[in-house]
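Notes to accompany the following structure.
Keep in mind that this is a model prediction, so the values were computed, not measured. Just so you know, these numbers use all the heavy atoms, side chains as well, and skip hydrogens, waters and symmetry mates.
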Amino acid sequence: MTGLLLSPWPARAEPVRFAFQGGQWGLGPNAEHALAVDLELRPGVRWWWVRPTAGFLQSTDGTQFVFGGVLLEIPLVWGVTLSPGFAPGIRTVDGKQNFGSHLLFRSSVELGLPLFPGFRGVVSFAHISNGKLSTPNPGIETLLFGVELDLE
């Protein structure tokens, strides 16, 4: 198994995908609650199960976050995918929440469900924080629902 994971694996061409999601910014009773919109572009290349992603997140509390990272797309049954991801990024506009740093890290998990050819429903949960680079480090969670479209 280790040999398979460490062996050179050619990049595979796939359709470029665009994801649009919206939902809750701030979960839990002590969090700042707002709405969030997330736009992501997922280039049409994969290495093994790893797909790059770049995106923009805007919350109604005023925070804007631009990020780039990777998703690990794990195929499940009936075309469903489970995609944990990691993406560092820059908070370009400050909102009400003090994250303690403009450099933030987004850890996420996404569940994708095929609805039609080239069209998927997605639900994602993410945690965004400065990764203990500075204090305070409150972090925030998001729960987003949306769609992913093939652009080719």
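Note on L113 and F119: same hydrophobic cluster, where clusters join Ile, Leu, Val, Met, Phe, Trp and Tyr whose side-chain heavy atoms are under 4.5 Å apart, directly or indirectly. By the rule that hydrophobic residues join a cluster once side-chain heavy atoms approach within less than 4.5 Å of another member, F145 and L71 end up as members of separate clusters. Under the 4.5 Å side-chain contact rule for hydrophobic residues, L149 and L115 share a cluster.
Side-chain contact of E32 with Q97: a donor-acceptor pair under 3.5 Å is absent, judged by distance alone. Between the side chains of T53 and E40, at least one donor-acceptor pair of N or O atoms lies under 3.5 Å. In this model, a donor atom of one side chain and an acceptor atom of the other lie less than 3.5 Å apart for S124 and Q21. For T135 and N137, the side-chain atoms include no donor-acceptor pair closer than 3.5 Å.
Comment: R42 does not engage D150 in a salt bridge, judged by the lack of any side-chain N to carboxylate O separation of less than 4.0 angstrom. The pair E110-R17 does not meet the salt-bridge criterion, since no charged nitrogen lies less than 4.0 angstrom from a carboxylate oxygen.
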**Item:** side chain to side chain contact (heavy atoms under 4.5 Å, CB included) assessment of H127 paired with R106
**Value:** CA-CA 6 Å; H127 173 78; R106 177 182 180 195; over 6 Å; no

**Item:** Chi angles and distances behind the side chain to side chain contact (heavy atoms under 4.5 Å, CB included) call for V37, F20
**Value:** CA-CA 8 Å; V37 173; F20 172 79; 3.7 Å; yes

**Item:** Check against side-chain hydrogen bond (donor to acceptor under 3.5 Å, both in side chains), R120 and T81
**Value:** CA-CA 10 Å; R120 301 172 58 79; T81 56; 2.7 Å; yes

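Taking the side chain as every heavy atom from C-beta outward, L27 and F125 approach each other to under 4.5 Å. Between L111 and V80, the closest side-chain pair of non-hydrogen atoms falls below 4.5 Å.
What you find for V93 and G62 is that their closest heavy atoms are CG1-O, 3.4 Å. Annotation for I128 and W25: closest pair CD1-CZ3, 4.3 Å, computed over non-hydrogen atoms.
Cation-pi geometry between R91 and F65 is not satisfied (NZ or CZ under 6.0 Å from the ring centre, within 45° of the ring normal).
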